[in-house]
Amino acid sequence: MRGNLRKVWQYAALIFFALLILLPFLFMLATSLRPMMDLAKNGAMSLPESVSLDNYSKAWVKGSFITYYKNSIWITAATVGILLACVLPASYALVFLRAWGKRLVLALILFGLIIPFEQIMFPLFTNLRSYHLINTSWSVILPQVALGIPVGIMLMKNYMAGIPDEIIQAARIDGASEAAVLLRIVVPMTKPVISTLLVFFTISSWNSFMLPNIMLQKPEAQTLTVGLNYFKESNSADFPLMIAAAFVVALPVLLVYVIFQKRITEGMLAGSLKG
């Protein structure tokens, strides 16, 4: 009886805190579905007189979000693809290949974890401008790749270190090349961390604001987060419209997180505990 009562209290507490977290989200969603006149007349805490998707269609057209979506999708896809293509072989080499100085290389890579972006953004802007990359997607993709490599290698290397070396040696004895060992043996065994990095890098790149805001100065080259900021400045008086625009920008990330949240947790724990 006491055990059942304890479970009831535990579930009640979980439901309470879940509602506490969801209430602001639901309030913003309800606000985005009501006209500004209704909000001004009855107040933010009142029930809406009418509900419609007009704010979303208006924000989509007025904010030119189709262009920003295309830019963000390309930048995010390229960043994540290049990052995984760099992190996987680099981690494999640091764990399974015998080479002089790899500890020094690892230390230099992980040193990037303690360098704040604010400290390097002006030299970075100057360097990219000298290569005529400002206002191109590569001015965002390349720095994001460089900033993401230390995190990716830290997690991936720790997970790969838990793979028995006998498996790798057996594959080599059978005549498999290092590339074949990586692609056919190591990659399938590291799917949990690959999934975590895929989601982590996707969310990080999609939500990035400071880097695109500095590097992309032309409106047609900007990403969703930067475009949302300009939209907010020109529509600050229409609060429901601003909320609708924010949902338009955040919806893909929310869906990715909700769908893959279990894999994110499992991969982070696996990458930090193995090795």
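Predicted, not measured: the structure shown is a model, and the values here were computed from it.
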Taking distance alone, no hydrogens or angles, what donor-acceptor pairs closer than 3.5 Å link side-chain atoms of residues 79-95 to residues at least two apart or in another chain?
residue : atom : partner : partner atom : Å
Thr79   : OG1  : Ile75   : O            : 2.7
Thr79   : OG1  : Gln144  : NE2          : 3.0
Ser91   : OG   : Val87   : O            : 2.8
Tyr92   : OH   : Glu178  : OE1          : 2.4

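In this structure a side-chain-to-backbone donor-acceptor pair under 3.5 Å is present from Asn71 to Glu220. Between the Thr31 side chain and the Phe27 main chain, a donor and an acceptor come within less than 3.5 Å of each other. Side-chain atoms of Ser64 do not come within 3.5 Å of backbone N or O of Thr67 as any donor-acceptor pair. Between the Asn55 side chain and the Arg34 main chain, a donor and an acceptor come within less than 3.5 Å of each other. In terms of modelled atom types and a separation under 3.5 Å, the side chain of Asn213 and the main chain of Phe209 share no donor-acceptor contact. One N or O on the side chain of Trp206 and one on the backbone of Val249 form a donor-acceptor pair closer than 3.5 Å. Judged by distance alone, the side chain of Thr76 and the main-chain N or O of Ser72 form a donor-acceptor pair under 3.5 Å.
Here Leu216 contributes atom CG and Gln222 contributes atom CD; the two are 7.0 Å apart, rounded to the nearest 0.5 Å.
Here the side chains of Pro219 and Tyr230 are not in contact, with every heavy-atom distance at 4.5 Å or above. In this structure, Trp138 and Leu142 have side chains that are in contact, with non-hydrogen atoms separated by less than 4.5 Å. Inter-residue side-chain proximity for Tyr56 and Leu33 is flagged as met; some heavy-atom pair is nearer than 4.5 Å. By the 4.5 Å heavy-atom criterion applied to side chains, Tyr68 and Leu228 are not counted as neighbours.
The aromatic ring centroids of Tyr69 and Trp60 lie less than 6.0 Å from each other.
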